[in-house]
Amino acid sequence: MNKIGLGVAATFTAEPLEDALRFWLAELGIHGDAEEAVAFAPYDQVFPSLLDSGSVLGRARAAVVLVRAEDLVAEDPAAEQDGLDEADAVATDLAAALRTSVRASGSPHVLVVCPPSPERGSPEVHARLASRLVRAFEDDRAVSVLTSAEPYEPAPEDVHDAFADRTGNVPYTDRYFAALAAAAVRRLHAMTTPRPKVVAVDCDGTLWDGVVGEDGPDGVVIGPERLEIWRELARQVAAGRLLCLCSKNEEKDVREVFARHPELPVGLDDVAAMRVGWEAKSVSLRSIAAELGLGLDSFVFLDDSPVECAEVRAGCPEVLTLRLPADAAEAAAFLRHCWPLDLAAVTEADRERTRRYQEERQREQARGEMSLVDFFATLDLRVTITPAGPGHEARAAQLAERTNQFNLSGTRRLDGDEKFVVDVRDRFGDYGLVGLTDVRTEGDTLRAGAFLLSCRALGRGVEHRMLAHLGALARERGLARVALEFRETERNQPARDFLAALPATLEPYGEEAAWYVLDAADAAAVVHTPGPAEERAAGPAGTTGPVEPVEPVGHTGWAAVERIATRLTGADAILDAMRAARPVTEVAGASPVEAAVMRMWTELLDVAPTSVSDGFFQLGGHSLRLVQFMARVRAEFGVELPFDTLYTTSFTVAEVAKAIEERQLAETDDEELAGLLDELAGLSDEEIDALLDSENG
């Protein structure tokens with residue numbers, strides 16, 4: 001079965017998206033090894049495509065589904081409530097079909113609820129369908145719902161194409177299709193590419209205009225445009241990113257700026273760590289990474305200085321270092337279009353991340369003041385293990401996706417019969433949901449296919465209590481054994497250390513996996529004894545635990561991120577970039593209309609014309625491309641070409657250009673005649689006779 005990079009299904013003719021989708025996949029280097037980069041489901045076959053595992057969507061690595069309410073709901077203006085009720089029912093059915101497709105394919109899906117047509121669509125029904133679907137997939141990590149093409153949305157008058165919609169059910173303009181493609185691929189990028197955890201920012205020229213060391217805390221300026229940067233950083237903090245300051249300044253000056261601007265949306269309480277001094281910024285970033293216990297490849301660094309950016313790129317190549325434009329308004333726009341800062345779904349654990357890192361500092365301070373045994377004795381660790389419910393799904397999926405160090409089987413998918421989640425708190429605060437087991441019963445054995453724990457709770461005995469819980473559960477059910485599945489990965493050494501200390505027997509299976517099997521009673525009796533392994537897991541005093549390396553931010557390196565954030569920020573810019581990749585052949589002696597036709601065909605067809613004698617269908621044209629061409633002719637020249645005549649005729653550049661010119665001339669003559677008739681209609685018989693006499697004379 002051939003591999004498909006991106007599968008697309010829609011309730012309308014969506015093939016005009018193809019060129020823009022291919023453009024973005026090439027720009028990002030995505031799905032380059034797929035046999036088919038982009039494939040479309042048959043026209044208006046959304047539900048069959050979602051429910052058939054062998055469809056385009058079922059075979060795709062990622063899917064985009066586009067719907068209009070008017071295509072799914074029979075709208076009767078006289079029965080508005082019936083339309084709203086039907087929108088609710090359609091939303092329920094569509095959500096169920098999307099979940100079926102995700103389970104079968106394992107691929108991420110972006111659902112786009114597209115705007116209704118001004119002529120036929122009901123804004124109320126559209127809004128109802130969109131709101132129901134957004135709610136259905138809130139915090140879902142496999143399905144993401146878009147209700148607009150933001151931030152690429154063009155002006156309202158550039159969205160709909162009534163002529164193309166009427167002619168071939170192509171409802172939108174080229175601009176809007178380009179915007180839809182950009183928004184959909186951007187959301188897929190957020191869903192499939194590991195996200196940075198830390199945003200580190202410079203101060204002078206980034207957070208404010210001016211140099212605080214020279215101008216003083218009262219001399220720096222935070223104007224309306226610069227304030228937009230602060231608001232974007234506040235959104236990042238609210239979404240769970242750790243905000244850090246990395247600036248060459250005196251720390252007291254920077255703190256004073258914050259103190260004198262209490263109205264700012266970000267305060268020092270929101271800052272997870274800061275390095276304000278005179279060391280190289282690459283050294284400061286490494287120090288912050290050690291303090292937070294995170295790999296440098298989970299950092300984004302923002303600075304307006306090209307020199308500082310170059311130093312960090314050389315000294316910390318793992319960091320995604322981005323140079324912000326010096327102009328405040330341009331810098332704010334840059335952040336809005338900075339794809340790595342997007343988050344497809346945000347869990348409660350994400351929102352609490354900064355607070356938990358601050359609590360971790362208090363733990364480390366206490367740990368540095370006493371022995372490890374005394375530290376654990378006074379920690380007052382409380383571990384609560386409960387069956388997973390619907391409210392845990394998003395966090396459980398996130399744990400499976402992100403946990404590397406203490407993930408016994410290395411699993412990313414949860415397919416056991418029962419799942420248990422682990423909440424932890426101590427005298428310093430709440431860790432939140434940090435652990436997960438996924439179990440099933442086979443014969444006399446309780447088998448855990450997933451047994452994982454976030455690194456922020458590692459080395460404190462939580463893993464022992466998780467195993468003791470499984471042992472107690474097995475005994476309650478009359479089972480004799482507990483088995484933990486293990487697969488060695490590059491990162492799960494802490495999991496290997498834990499298993500090596502257990503009174504377990506090893507039962508290999510397959511080439512790389514094994515079951516660690518314990519008597520249920522032994523598992524229930526496991527207790528935590530602080531020792532060298534815990535010392536290693538907890539890390540040296542003054543750090544927040546083990547450094548957890550993460551996947552790099554993706555193959556969109558800093559140059560690509562900066563290019564997208566500065567040059568590809570709107571539909572027109574995207575279309576210009578697409579056109580630049582396919583230059584038009586200039587033909588000597590071609591008329592302006594012929595040159596325009598050649599440009600349109602170059603953009604639309606697989607093979608570009610090289611002379612005015614080239615034919616549309618000879619170059620790969622078909623009915624859909626013909627509708628798109630006619631829509632462009634109408635928009636640029638103000639004339640409508642006859643679809644039936646063109647579709648049944650092999651026409652050349654020269655012939656269609658001549659037809660356009662003739663229709664323009666005919667419409668001009670018609671307008672002049674209409675104007676004359678209007679003028680005559682306002683004259684009396686005597687005035688008309690006098691006018692005729694003067695003409696005859």
Side-chain angles (χ1 to χ4, degrees), residues 13 15-20 22-23 154-155 157-168 170-181 567-568 570-672:
T13 304
E15 277 77 1
L17 283 167
E18 183 173 3
D19 290 342
R22 289 181 181 275
F23 168 80
E157 62 271 18
D158 291 328
V159 172
H160 300 280
D161 190 327
F163 170 75
D165 195 8
R166 185 172 64 251
T167 306
V170 180
Y172 304 117
T173 64
D174 291 338
R175 283 190 180 91
Y176 198 68
F177 276 119
L180 279 176
R567 301 180 186 176
L568 300 174
D572 286 335
I574 295 166
L575 289 173
D576 287 344
M578 292 168 57
R579 290 165 183 153
R582 301 193 70 185
V584 181
T585 300
E586 294 186 9
V587 175
S591 70
V593 177
E594 288 172 336
V597 170
M598 291 185 71
R599 169 175 50 79
M600 294 178 190
W601 288 13
T602 298
E603 295 167 5
L604 286 172
L605 303 179
D606 296 333
V607 179
T610 57
S611 78
V612 297
S613 300
D614 288 340
F616 183 82
F617 294 109
Q618 294 171 339
L619 299 174
H622 48 73
S623 59
L624 172 60
R625 295 301 191 190
L626 180 56
V627 170
Q628 292 178 269
F629 170 59
M630 292 168 60
R632 295 188 184 196
V633 168
R634 188 177 187 276
E636 187 162 333
F637 294 105
V639 299
E640 293 186 10
L641 298 174
F643 177 85
D644 291 343
T645 301
L646 292 177
Y647 189 61
T648 57
T649 306
S650 179
F651 57 93
T652 65
V653 171
E655 289 168 345
V656 78
K658 182 180 179 182
I660 291 170
E661 292 169 341
E662 289 174 347
R663 284 189 169 260
Q664 283 183 310
L665 182 60
E667 291 190 8
T668 300
D669 291 343
D670 289 344
E671 289 174 3
E672 292 178 354

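As the structure is a prediction and not an experimental result, all values here were calculated from the model.
Between L641 and F651 the shortest side-chain heavy-atom distance does not fall below 4.5 Å. The shortest distance between side-chain heavy atoms of V656 and F616 does not fall below 4.5 Å. Annotation: side chain of R632 is in contact with side chain of D174 (closest heavy-atom distance under 4.5 Å). In this structure, M630 and L626 have side chains that are in contact, with non-hydrogen atoms separated by less than 4.5 Å. V653 is not listed as a side-chain neighbour of V587, based on a closest heavy-atom distance of 4.5 Å or more. With a 4.5 Å cut-off on side-chain heavy atoms, D158 and Y176 do not count as touching. A heavy-atom distance below 4.5 Å is not found between the side chains of D161 and V170.
The existence of a salt bridge linking R579 and D576 is confirmed by a sub-4.0 Å separation between a basic side-chain nitrogen and an acidic carboxylate oxygen.
Side chain of R625 to backbone of L604: a donor-acceptor contact under 3.5 angstrom is found. Not one N or O on the side chain of T167 forms a donor-acceptor pair closer than 3.5 Å with the backbone of V627.
A pairwise comparison of heavy atoms in A573 and R567 identifies CB-O, 3.2 Å as the closest pair. Of all heavy-atom pairs between A631 and A164, the closest is CB-CB, 3.9 Å. When all heavy atoms of A571 and R175 are compared, the pair lying nearest together is CB-O, 3.3 Å. Across all non-hydrogen atoms, the minimal contact from P609 to T602 is CD-OG1, 3.6 Å. The two residues V612 and A590 come nearest to each other via the heavy atoms CG1-CB, 4.2 Å. Of all heavy-atom pairs spanning T13 and G168, the tightest one is OG1-O, 3.1 Å.
Every residue two or more places apart in sequence or in another chain was checked for a side-chain hydrogen bond (donor to acceptor under 3.5 Å, both in side chains) with Q618, and none qualifies.
At most 12 non-hydrogen atoms from other residues, nucleotides or ligands lie less than 6.0 angstrom from CD of E586.
For the atom pair OG1 (T610) and CE (M598), the distance works out to 6.5 Å, reported to the nearest 0.5 Å. Between the CD atom of E636 and the CZ atom of R599 there is a distance of 4.5 Å, given to the nearest 0.5 Å. Summarising the geometry, atom CG belonging to L619 is positioned 10.5 Å from atom OG1 belonging to T652; distances are rounded to the nearest 0.5 Å. Within the model, atoms CD of E15 and CZ of F177 stand 9.0 Å from one another, a figure rounded to the nearest 0.5 Å.
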